[in-house]
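Below: the structure, in structure tokens.
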Number of protein chains: 2
Amino acid sequence: MTVNERRAREREQRHRLILAKARALAETEGWDAVTTRRLSALIEYSQPVLYSHFRNKDAIVAAVALEGFAELTEALRRARSVSGHARGALTVAVETYLDFAEANPAVYEAMFTRTVPLPFAQEDTPEPLRAGFAEIEAVVAPYAYAHHSATLAEVTWAAVHGLATLTRDHRLRPEEHRQRVEVLVDRVTGRGAGR
Amino acid sequence: MTVNERRAREREQRHRLILAKARALAETEGWDAVTTRRLSALIEYSQPVLYSHFRNKDAIVAAVALEGFAELTEALRRARSVSGHARGALTVAVETYLDFAEANPAVYEAMFTRTVPLPFAQEDTPEPLRAGFAEIEAVVAPYAYAHHSATLAEVTWAAVHGLATLTRDHRLRPEEHRQRVEVLVDRVTGRGAGR
DNA sequence: ACATAAAAACTAGCGTTGCTAGAGTCGATC
DNA sequence: GATCGACTCTAGCAACGCTAGTTTTTATGT
């Protein structure tokens with residue numbers, strides 16, 4: 001059975017190679033450049049090999065997206081573990097999120113814009129997605145007050161996600177980035193009236 | 001010269017027909033179904049006719065997006081004119097925005113997700129876009145406090161836009177929609193701490 | 001009324017896309 | 001060393017956005 005084990009290992013390796021090449025190509029030239037022909041050339045196999053690993057091209061994008069969720073979640077977790085008191089923690093979390101989106105635009109696009117139908121907010125939500133939301137909830141929980149922390153987490157997530165996409169599409173004034181983060185943190189923490 | 005005038009009128013009519021059919025098809029079957037062949041069949045002309053009206057397919061999507069901005073702006077303007085005091089006005093504005101996104105998913109996709117490069121937040125921003133942002137700014141201005149109203153407007157826009165897209169992609173708990181709007185309005189108005 | 005020139009719309013086709021059927025090759029096992 | 005199964009490749013399909021070149025239509029001048 002050791003032969004089959006080696007084969008499985010090699011398949012696994014090639015699986016990761018496909019995702020790595022797809023991701024790299026998407027980051028450098030955009031997702032439109034990620035065609036099955038170019039991708040198969042990059043991995044040095046013929047096109048049909050791709051289809052022995054993934055059902056179709058969308059499944060490749062979805063796999064890259066899932067990687068992205070795991071990485072973003074890990075970045076948020078790390079940020080939360082090193083930052084001190086609560087308000088600073090929220091600022092760091094927001095900046096971490098926005099930095100990730102800016103540093104990995106293609107991955108972020110796969111996660112949200114290329115709207116691959118990943119199951120969210122329901123029974124069969126993949127663990128990385130659930131964990132990512134839990135990170136956001138943890139960092140805003142101190143400010144939920146009368147509301148549920150999950151609801152505040154959803155609204156905060158929406159705001160940060162909105163900033164990420166609108167910034168990416170150059171629809172906000174670039175020089176005001178810092179102020180926007182400040183306003184966002186102020187309002188989420190309930191310091192809106194400037195007390 | 002009256003002949004040319006008639007021709008220009010007919011061209012204008014066909015121009016609108018193309019946009020109307022493209023929009024309708026996108027809303028019923030999604031933008032992937034809007035191919036140049038299907039669209040040309042719908043307007044009962046051959047494909048090249050499309051290219052005498054628009055540079056390419058993306059230009060058609062962009063034109064639909066611009067229509068959408070004008071309509072959304074008008075909806076916000078109307079909402080603001082009928083709603084009473086400021087806090088209620090913000091709630092109505094948010095609901096109007098989210099209703100528009102939900103009622104016209106394909107148009108909203110053209111406006112934001114199909115990231116057609118429309119010039120934003122700079123010199124040559126088209127009027128409908130500028131006017132739309134002005135509507136948002138007007139409704140949040142009373143709560144800017146120490147900050148600039150434009151900055152609060154950007155953050156608020158991001159939050160509402162985030163809610164619109166995350167809701168569309170089923171990434172938020174559907175039954176909590178109302179609570180999210182309430183939390184959002186609370187925080188934007190600076191009532192976060194529950195005063 | 002008819003010929004002519006210009007304007008408009010069509011047919012046909014190019015290169016590229018995602019995906020797949022069927023042929024071919026390689027390697028482990030008896 | 002032959003055989004059979006697993007794996008990979010070549011070749012090609014239908015559909016895509018877009019365009020060159022031809023045909024048809026339409027307004028004008030005699």
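Chain A is the first sequence line, chain B the second, and so forth, proteins listed ahead of strands; every chain is numbered from 1.
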Could you walk me through whether Glu154(A) and Glu137(A) pass the side chain to side chain contact (heavy atoms under 4.5 Å, CB included) test, one step at a time? CA-CA 8 Å; Glu154(A) 287 180 327; Glu137(A) 188 170 355; over 6 Å; no
Overall bend - the helix from dA1(C)-dT30(D) to dC30(C)-dG1(D), comparing terminal axes fitted on five pairs, nearest 10 degrees: 20°
Polar-atom pairs under 3.5 Å, protein N or O versus N or O of nucleotides 24-26 of chain C: list them with distances, or write none.
none

Aromatic contact, Phe54(A) with His15(A) (centres under 6.0 Å): yes
Strand-adjacent residues in residues 16-37 of chain B, judged by heavy atoms under 4.0 Å from DNA chain C: Arg37(B)
Among side-chain atoms of Glu135(B) and Thr73(B), is any donor-acceptor pair under 3.5 angstrom? no
Can you confirm if the aromatic rings of Phe112(A) and Phe69(A) lie within a centre distance of less than 6.0 Å? yes
Indicate, with yes or no, if the rings of Tyr108(B) and His161(B) have centres closer together than 6.0 Å. yes
Please identify each residue that fulfils side chain to side chain contact (heavy atoms under 4.5 Å, CB included) with Lys57(A), with sequence neighbours left out. none
Quick one: does Thr167(A)'s side chain have a donor or acceptor within less than 3.5 Å of a partner on Ala164(A)'s backbone? no
Rounded to whole angstrom units, what separation is found between the CD1 atom of Ile60(A) and the C1' atom of dC19(C)? 12 Å
Thr113(A) and Arg168(A): side chain donor to acceptor below 3.5 Å: yes
If I take atom CG in residue Asn56(B) and atom C1' in nucleotide dC16(D), what distance separates them, rounded to the nearest angstrom? 14 Å
Rounded to whole angstroms, how far apart are CG on Asp58(A) and C1' on dG18(C)? 10 Å
Whole-Å distance separating the CG atom of Leu50(B) from the P atom of dT11(C): 14 Å
Per-pair distances, 0.1 Å, donor-acceptor, side chain in residues 22-31 of chain B, under 3.5 Å, sequence neighbours excluded:
| from | atom 1 | to | atom 2 | distance (Å) |
| --- | --- | --- | --- | --- |
| Arg23(B) | NH1 | Glu67(B) | OE1 | 3.1 |
| Arg23(B) | NH1 | Glu71(B) | OE2 | 2.8 |
| Arg23(B) | NH2 | Glu71(B) | OE1 | 2.9 |
| Glu27(B) | OE1 | Ala106(B) | N | 3.1 |
| Glu27(B) | OE2 | Ala106(B) | N | 3.2 |
| Glu27(B) | OE2 | Val107(B) | N | 3.1 |
| Thr28(B) | OG1 | Ala24(B) | O | 3.0 |
| Thr28(B) | OG1 | Leu25(B) | O | 3.1 |
| Glu29(B) | OE1 | Arg38(B) | NH1 | 2.8 |
| Glu29(B) | OE2 | Arg38(B) | NH2 | 3.0 |
| Trp31(B) | NE1 | Ala106(B) | O | 2.9 |

Is there a donor-acceptor pair closer than 3.5 Å between any side-chain N or O of Arg114(B) and the backbone N or O of Glu109(B)? no
Whole-Å gap separating P (dC18(D)) and OH (Tyr51(B)): 4 Å
Please write out the pairs of protein N or O atoms and N or O atoms of nucleotides 8-10 of chain C separated by less than 3.5 Å, giving the distance to one decimal.
| from | atom 1 | to | atom 2 | distance (Å) |
| --- | --- | --- | --- | --- |
| dA9(C) | OP1 | Arg14(B) | NH1 | 3.0 |
| dA9(C) | OP2 | Arg14(B) | NH1 | 3.4 |
| dA9(C) | OP2 | Arg14(B) | NH2 | 3.1 |
| dC10(C) | OP2 | Ser46(B) | N | 2.7 |
| dC10(C) | OP2 | Ser46(B) | OG | 2.6 |

Is the closest side-chain donor-acceptor distance between Gln179(B) and Thr151(A) under 3.5 Å? no
Closer to the 5' end of DNA chain C via nearest nucleotide, is it Arg55(A) or Arg38(A)? Arg38(A)
Verdict with reasoning, Ser52(A) to Arg14(A), per side chain to side chain contact (heavy atoms under 4.5 Å, CB included): CA-CA 11 Å; Ser52(A) 75; Arg14(A) 196 172 58 182; 4.1 Å; yes
Main-chain N/O of Asp58(A) paired to Asn56(A) side chain as donor or acceptor, under 3.5 Å: yes
